[in-house]
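Following: one structure in structure tokens, then a few remarks.
Just so you know, these numbers come straight off a predicted model, no measurement behind them. So you know, we letter chains A, B, ... as the sequences are listed, proteins then strands, and number each from 1. Heavy-atom basis, side chains included; hydrogens, waters and symmetry copies ignored.
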Number of protein chains: 2
Amino acid sequence: MKRTRPLKRRPKRSEPKHREPEAVDPRSIDDDPVVQGILTAISQKRLKPGAKLGEDKLASAFGTTRIHIRQALSHLASRKVVMQIPNRGAFVYRPSWEEAQDIFAARRIIETATVSAAIDRLDKAGKAELKAHMEREARHDRNDRWASLSLTAEFHILVAKLAGNRVLLEMSRELMLRTSLAIATFEQPGEPDCSPDAHPDIGALILARDRAGAIHAMRHHIEEMEQRIRPKEGEDEVDELTAIFQEIGARVRAGG
Amino acid sequence: MKRTRPLKRRPKRSEPKHREPEAVDPRSIDDDPVVQGILTAISQKRLKPGAKLGEDKLASAFGTTRIHIRQALSHLASRKVVMQIPNRGAFVYRPSWEEAQDIFAARRIIETATVSAAIDRLDKAGKAELKAHMEREARHDRNDRWASLSLTAEFHILVAKLAGNRVLLEMSRELMLRTSLAIATFEQPGEPDCSPDAHPDIGALILARDRAGAIHAMRHHIEEMEQRIRPKEGEDEVDELTAIFQEIGARVRAGG
DNA sequence: GCGCCAAAGATTGGCGCCAATTTATCGCCT
DNA sequence: AGGCGATAAATTGGCGCCAATCTTTGGCGC
């Protein structure tokens, strides 16, 4: 039923009372499918550092609008996963050699502390999770490169979860992503990211509550990863060559 | 001079060559004045957790357009400094009690490691910087609340800088901001954030290259800060009251 | 008097269009 | 034949408008 009498015109609204932001579904942009897609593409190394992320292409690829892509890209830029250059566009982030070393150093610090905290808080459920993961990692298909990468990441994330500190968990997530970028930028092609035997060792030491041993194993594991990358000496030259080869390849594929 | 002959119409452009994003001024959004303004306002506690950050108001306050504000707010939301709720707006982030504890735990881990690294890398220039800061902190006006807060933050940032790891430096920056939010949310009103004598002690121990002592002092310093906050039991009630008092205060200041 | 309902106001979200800049291509000159 | 400048295409950046949603507020019934 409609109102029988129109409201009077009010001169001006009073100062709005401040309502606290109550618990109302703070769904963050991390759950965004575009962000997730780009993130998994990067961690699976299907997007290489320096790759152009055109807005229109991403929009049509993900079936959304350009404005949505822009939000996702600027979010990823805030996380230093993509680099945005004004009027040029967004590219997959390429860390410098110094930054790559800093990332590994940060991981040494945070993940050793994480291992220690995980041992402190280890309970029945945690042991079960850890065992389950170790089994999955033991009998996975080593030829499936993407599955290997996913499992390797999940192990470190699991340890961070067991530590029970969400802030450290988020930091570990960020550092693992940036580690992927560092490795992709500076690796000698063809080598795996992690040595395949490191994770079972660390897991066993955590289950045995051997704090010093687990910390040492984790530190050694990260140092092993770090020693697998090398600075690119004639970086400009190499880049130019690869750029030329890419160009030639593109031309050949285009049938020109 | 104009062209004498018009160009032929080309059927379609070939696949664009991939240009690497060379060193071209990657000026990030961190330098944005809006971001900087909100950040300093938060670290100076002029913006309290839960405060509404309306887009129009910020736009007129900073003298820019709304789209610019949106970019800044979503960037700050990515850094968990503001919380964005769909169709409700942006608010200064209010960490939960568990998150506040996690933040302090993360700082214990990162800043103790940072102190250790700073001692390792300490050189003439670093000593000079540290001494200069300690002098400034020794003879600053203790009644100037904003200056105190700035100096307190600068000390921790300086230690992180001396460690020579930019990734850890960024993490320390983030954690200090979130510490401000945690303290602002859970502090008993009126107490200072840092005990005033802690920083000179830590600085002196770093200068003396007393690693164990400096690490212990830093850990103790952070634990002291942590023990200054208490979970809010009747949270709703307190929040409502403070909101009322804030409103009344604003009206009085506005001369209403 | 107290609580529910509906409308107006205010705020955010999103889409389309256009300007600004970059990138690629072509013709010309040396 | 190859470098150089001009031009078109493509891409990004930004502004304005309008729909969607939330908040406030007054009216109405109990």
Side-chain angles (χ1 to χ4, degrees), chain A residues 1-27 29 32 34 51-75 77 82-91 243 246-247 250-251 254 256, chain B residues 1-22 24-27 29 32 34 51-75 77 82-91 243 247:
Chain A
M1 186 136 54
K2 283 206 83 169
R3 298 181 57 81
T4 55
R5 189 163 62 88
L7 292 172
K8 287 184 289 196
R9 192 131 185 81
R10 269 155 281 152
K12 174 127 190 186
R13 176 184 280 201
S14 67
E15 190 68 15
K17 295 187 190 65
H18 180 66
R19 265 283 271 255
E20 293 290 325
E22 307 173 23
V24 185
D25 183 25
R27 177 163 40 171
I29 193 172
D32 185 286
V34 177
K52 175 83 184 284
L53 297 172
E55 297 182 356
D56 279 330
K57 291 183 182 174
L58 288 174
S60 59
F62 282 99
T64 61
T65 59
R66 196 158 72 91
I67 204 163
H68 197 177
I69 299 291
R70 285 172 80 102
Q71 293 174 0
L73 286 177
S74 57
H75 170 71
V82 315
M83 180 172 58
Q84 276 180 318
I85 302 177
N87 292 321
R88 294 270 311 267
F91 305 85
Q246 280 179 9
E247 176 190 342
R251 242 179 231 175
Chain B
M1 186 138 53
K2 283 208 77 171
R3 300 182 55 78
T4 55
R5 190 162 62 88
L7 292 173
K8 287 183 289 194
R9 193 128 186 82
R10 269 156 282 150
K12 173 122 192 190
R13 177 183 278 201
S14 67
E15 191 67 15
K17 297 187 191 64
H18 181 67
R19 266 281 271 253
E20 292 290 325
E22 306 173 25
V24 185
D25 184 24
R27 177 162 41 172
I29 194 173
D32 185 286
V34 177
K52 175 81 185 285
L53 298 172
E55 297 182 356
D56 279 330
K57 291 182 181 173
L58 288 174
S60 59
F62 282 100
T64 62
T65 59
R66 196 159 70 92
I67 203 162
H68 198 177
I69 299 291
R70 285 172 79 99
Q71 292 174 0
L73 286 178
S74 58
H75 170 71
V82 315
M83 180 173 57
Q84 276 182 317
I85 301 178
N87 292 321
R88 293 270 312 266
F91 305 84
E247 183 186 344

Self-check item: Protein-nucleotide distance (A:F91, atom CZ; D:dT12, atom P), rounded to Å
Solution: 9 Å
Quiz prompt | Student check: side-chain heavy atoms of B:I29 and A:Q84 closer than 4.5 Å | solution = no
Exercise. With a 3.5 angstrom cut-off on both distances, give the Watson-Crick or G-U wobble partner of D:dA19, or none if there isn't one.
Key: C:dT12
Self-check item: Whole angstrom value for the distance that separates P of C:dT22 from CD of A:E55
Solution: 16 Å
Self-check item: Closest heavy-atom pair and its distance - A:F91, A:I85
Solution: CE1-CD1, 4.1 Å
Self-check item: Nearest-nucleotide comparison on DNA chain C, the residue closer to the 5′ end among B:L53 and A:H68
Solution: B:L53
Practice problem: Mind calculating the distance between CD1 (B:I85) and C1' (C:dT12) to the nearest angstrom? | Solution: 13 Å
Quiz item: Has A:R88 got a side-chain N or O lying under 4.0 Å from the OP1 or OP2 atom of D:dT11?
Solution: no
Practice problem: For D:dT12, take OP1 and OP2 only and decide whether either is under 4.0 Å from a side-chain N or O of A:Q84. | Solution: no
Quiz item: Which whole-number value in Å describes the distance from A:K52 NZ to D:dA10 C1'?
Solution: 9 Å
Quiz item: Which whole-number value in Å describes the distance from A:R70 CZ to C:dG16 P?
Solution: 15 Å
Self-check item: Straight-line distance of B:S74 OG to B:I69 CD1, nearest 0.5 Å
Solution: 11.0 Å
Exercise. Check whether any side-chain heavy atom of A:V34 sits under 4.5 Å from a side-chain heavy atom of A:L58, and report yes or no.
Key: no
Exercise. Report the nucleotide, chosen from D:dT21, C:dT12, C:dG14, that has the shortest atom-to-atom distance to any side-chain atom of B:N87.
Key: D:dT21
Self-check item: Separation between CZ of A:R66 and NZ of A:K57, rounded to the nearest 0.5 Å
Solution: 14.0 Å
Practice problem: Write down the distance between CD1 (A:I67) and P (D:dC17), rounded to a whole number of angstrom. | Solution: 16 Å
Self-check item: Atom-pair distance (NZ on A:K57; P on D:dT11), nearest Å
Solution: 6 Å
Self-check item: Distance-only donor-acceptor test (3.5 Å): side chain A:R66, base D:dG13
Solution: yes
Quiz item: Do the side-chain N or O atoms of A:T65 get closer than 4.0 angstrom to the phosphate oxygens (OP1, OP2) of C:dC15?
Solution: yes
Exercise. Mind calculating the distance between CG (B:D56) and C1' (D:dC15) to the nearest angstrom?
Key: 14 Å
